[in-house]
Amino acid sequence: MDLEASYDFKTVEPHWQRWWLAERVYAYDRASQKQVFSIDTPPPTVSGKLHIGHVSSYTQTDAIARYQRMLGREVFYPMGYDDNGLPTEILTERECGVKAESVGRERFNELCLEVCEKFRALYRGLWQSLGFSVDWDQSYSTISPECRRVSQLSFLDLAAQGRLYRAATASLWCTRCRTSIAQAELEAQGRPGVFHYFSFKTPLGELPIASTRPELLPACVAVFVHPEDARFRRFIGTRARVPIFDIEVPVRADAKADPEKGTGVVMCCTYGDATDVAWTREHQLVSRVCLGEDGRLNAQAGVLAGSTIAEARVAIVERLKSLALISAQKEIPPEQHVVNTHERCGTEIEYLETRQWFVRLLDAKEELLRLGEKVRWFPAHMKVRYRNWVEGLHWDWAVSRQRYFGVPIPAWDCARCGSAAHPEPEELPVNPLKDRPSRPCRKCGGTEFTPDKDVLDTWATSSVTPQICAKWRSAGADARLVPMSLRPQAHDIIRTWAFYTIAKSAFHSGDVPWRDAAISGHVVKKDAQVEIQQVAGSKVERKSKISKSKDADRFSPQRLLETYPADCIRWWTCSSRLGLDVIFDEKEIAAGEKLLTKLWNATRFALSMLGEAPPFLPPEANKLQENGPERAFLSRLKNVVQLYHAAFAEYEFSAARSEIERFFWSDFCDHYIEYVKEIFYKAEKHDAGQREAAAATLGYALYAALRLFAPFLPHITEEIYQRAFRTRVGARSIHLTRLPMPEELPYGESDLRNWEDVKSVVNHARGHKSQFNYSLRQPLRVLYLSSEIKARLAGFEGVLCAVTASAAISDNPHDIDQVEELKGIPGGRIGFAFDEKALAVTRLAAGLRGIAQAGKQAAGLKANAAAGTMAIYAGKLSQSLAGTEELFAAALKVRAVQFLDASEIDLQPSAGGELQARFLPS
RNA sequence: GGGGGGCUAGCUCAGUUGGUUAGAGCGCCUGCCUUACACGCAGGAGGCCGUCGGUUCGAACCCGACGCCCCCCA
């Protein structure tokens, strides 16, 4: 078995990606008897490009999926695309350069479907080139008929429970998207504003008002002051006149009027903000609507009818000024002026009275909190974010959207009595615009219906992904999948996706949607102007979100995938813990390439030693020498396997990752391989039993390491597995094998201690040579170990001598100059004595190097260029010195006399053109 | 204003139930071509673990206060 000298990821990775697909390696088998591990994969919103943050979060999920699969679970790992709803409409408008209203509903929906198709392909291509072990046959798109069915079924189920109601009430409205939205779709933004100061006239004098929204004057219905505010208490109960519009409104008291803000007098309009909505309801005020659904003022605004909010604001301020009614204007900086905007488009949100469908949430807070407690959150503190959101709910969930591209609301209005008619569950999915109710109105028997033209909120569908996965209430339903084992997602959508999913699950099943929620952090960039300032003695860091426009190229997954192996990118993404933001640094990704090279080279070496049929089973313990190197090394592997599983059990993949990396690099490569070289290179010195034990251990440890790496590095491990192990192991992919378990490694604490002690001795020897700037091959005449250690490591003498290049191990300190403490071994002592002859030659060679360079320069040769080939050791002069023998002979002679106390040297060319130096004692 | 997280080596991060000289990778410096790998090996420099107080025989870790950064909510 020979591997090429280097690993070519550009051909290997796509090869296995195609093969996994063709072989359906990751297919979910619903007939399997194995325990199911089901993953509620986030269906990414089709809203544009995927960025490095998606890559990071989704790759972590894939590592978890692969781990669970190799643990022996039947893994259900689907991929969805959340392509219905407003985000897709906005994307389509941008992609096609159209407006939904201008092309019409049907045509626009067709365009949306085309755009979805395009982006689904793009997304899928990216996921596949990252090597995700998704079962692509389980893919779903939230606009598909099956998802429509589940989503509409959810609607009907909520309606049957009385959880749904339809009401014409003040609700959140986006004037750009011309639809109602839900509380979760709000995004608070700091924006600059201006307080305009003007007065309302009352019989008791003028009441000063400060308002940021003077355009709402025509909608003014009351004025509020704080009941305890001494300045204005006397006005309570009087009536005030609205300037310009000359409306008379009552002056009322309410604790929500903040005496500190503005003048302390607040005008209440229909509807300036959430407080206005509350006041209107609580004080039973009339409503005086001046704003239309299109964001323009209506007849209530008189001459200003038809103008936009911005235009009206300017016009009214001008008018107030011209009447000399404005007493002051004060700018408010963005950080003090927070406005609610629509998260999808940034438009400031208005409150309008419209007729919408609502899911009743506010009476279910306790149940939602209870289920939030039942879910295991990783990290645990993410539960608090969920709890805070639920406790802070103010609005029921408005689920109807006055848009085109979405799951239609399964409802018609009876033309006669006005009540809603719904389809039967088995008729789903329906499109009320085309389909008709199958029966007359239940209430009045009417047969004339008007279809509900609205569609459902995107989240109304994406909140039923567990039900979609389980094919809820259909012939193909798979009840084993729910509650699902794991919901992986980022922390920014706890209030939306996690929350709505829990809510739906609560109402439909009374249970949690998933047992565990693994919440990942974000990838952030280090600011260009990273400043480490000393402020009050503490370090100030600056980091910020990745901007989709500005940083697109630097953080583009496509570019990274063209530059680095997917395995490297994966390795990097698994370096951060759940819940923590990670700062992107391309160098960190590049560092992974070293690991791949190391893995490839070490494997190449091991396989060259092991032959065509490398061992892969755990070596039988009774064939291994007691207190010997194999048992010691395997006990370390056992230790690693334990730590690895413990880490993954808590979704701490980064801890598992560093365990296997450390084991492989430091224990396997730096120590065990160095030892087995002695066994294989000097086979004649070791009996068959020793050789067999070493081979079995090397093969097994390699195969174990490959499997432990496999969840992180699926491509390179598959390549090696297929070429070296598949035939004998049998499983058609490494990803269908089982991970090594601690039970298969029956080694004890004393073995582990031996291993650590041997490493400590070897490290000391290496350090000792390094201190003197000698090669690690510099021979030692004696390696001294204190008696107790020497006795304990008796079974390791061969290893130690070979790896440290020692001629002997002794516990006699007499001929050792210096004895030092053995790190990590209480009472252990170690010492070294170089082989003087070899040392002299080394020094001679080192001295010669300078002379050789000078000589070569003298001879007109490029000394620097050849320096790398001028290694001189063990008495040999390199071929590159040929032609200047005389010069070197002379130099050598001087050095020989100086270092070796030799009187003569004899310099002879040997076979192969090298020079052989022989030193004659004086 | 409320809540959450973070602050450990130049950079990115680990630090298990509080227990000798606080670790890794990258970067830097010194050496070393060692019959897998120079994308390597060995060694080294570099940290009053954000600040201050408390508990303790003992604190990066527990408690309190404060500072700064990020996020969520109002």
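Worth knowing before you read on, the calculation uses all heavy atoms, side chains too, and leaves out hydrogens, waters and symmetry mates. To find a chain, count down the sequence lines: A is the first, B the second, and so on, and within it residues start at 1.
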Exercise for the section: Test the A:Lys598-A:Phe668 pair against the cation-pi criterion, namely NZ or CZ under 6.0 angstrom from the six-membered ring centroid and within 45° of the ring axis. Expected result: no
Practice task
Would you tell me if any nitrogen or oxygen in the side chain of A:Lys594 comes within less than 4.0 Å of OP1 or OP2 on B:rG40?
Solution key: yes
Problem - Mate of B:rC68 where both pairing distances stay under 3.5 Å, Watson-Crick or G-U - result: B:rG6
Practice task
Determine the contact category for A:Arg387: base if any of its heavy atoms lies under 4.0 Å from a base atom, sugar-phosphate if only primed atoms, P, OP1 or OP2 are that close, otherwise nothing.
Solution key: nothing
Practice task
Without swapping roles, check the side chain of A:Lys677 against the backbone of A:Val803 for a donor-acceptor pair under 3.5 Å.
Solution key: no
Completion exercise
Heavy-atom nearest pair, A:Trp497 first then A:Pro488, reads CZ3-O, 4.0 Å
Problem - Phosphate-side-chain proximity, A:Gln183 and B:rC72, N/O vs OP1/OP2 below 4.0 Å - result: no
Exercise for the section: Ignoring backbone atoms, establish whether A:Trp665 has a side-chain N or O less than 4.0 Å from OP1 or OP2 of B:rC41. Expected result: yes
Practice task
Looking at every strand, decide which applies to A:Trp389 at a 4.0 Å heavy-atom threshold: base, sugar-phosphate, or nothing.
Solution key: sugar-phosphate
Problem - Among B:rA42, B:rU34, B:rG3, the nucleotide that comes nearest once only the side chain of A:Val384 is considered - result: B:rG3
Completion exercise
Quick note, A:Asn388 side chain, CB onward, closest among B:rC70, B:rC41, B:rG3 is B:rG3
Exercise for the section: When you get a sec, tell me which of B:rC37, B:rG25, B:rG23 is the closest nucleotide to the side chain of A:Glu674? Expected result: B:rC37
Practice task
Determine whether any donor atom in the side chain of A:Lys598 lies under 3.5 Å from an acceptor atom in the base of B:rC37, or the reverse, and answer yes or no.
Solution key: yes
Fill in the blank from the handout: Regarding the side chain of A:His394, the nearest nucleotide among B:rA74, B:rC11, B:rC71 is B:rA74
Exercise for the section: Kindly say whether the aromatic ring centers of A:Phe664 and A:Tyr672 come within a distance under 6.0 Å. Expected result: no
Practice task
Describe the nucleic acid contact of A:Gln771 in one word from base, sugar-phosphate, nothing, applying a heavy-atom distance below 4.0 Å.
Solution key: nothing
Handout entry: Closest to the A:Ser775 side chain, choosing from B:rC32, B:rC37, B:rG43
Key = B:rC32
Exercise for the section: Look at all strands and tell whether A:Leu580 reaches a base, only sugar-phosphate, or nothing, counting heavy atoms closer than 4.0 Å. Expected result: sugar-phosphate
Exercise for the section: Look at all strands and tell whether A:Gly767 reaches a base, only sugar-phosphate, or nothing, counting heavy atoms closer than 4.0 Å. Expected result: sugar-phosphate
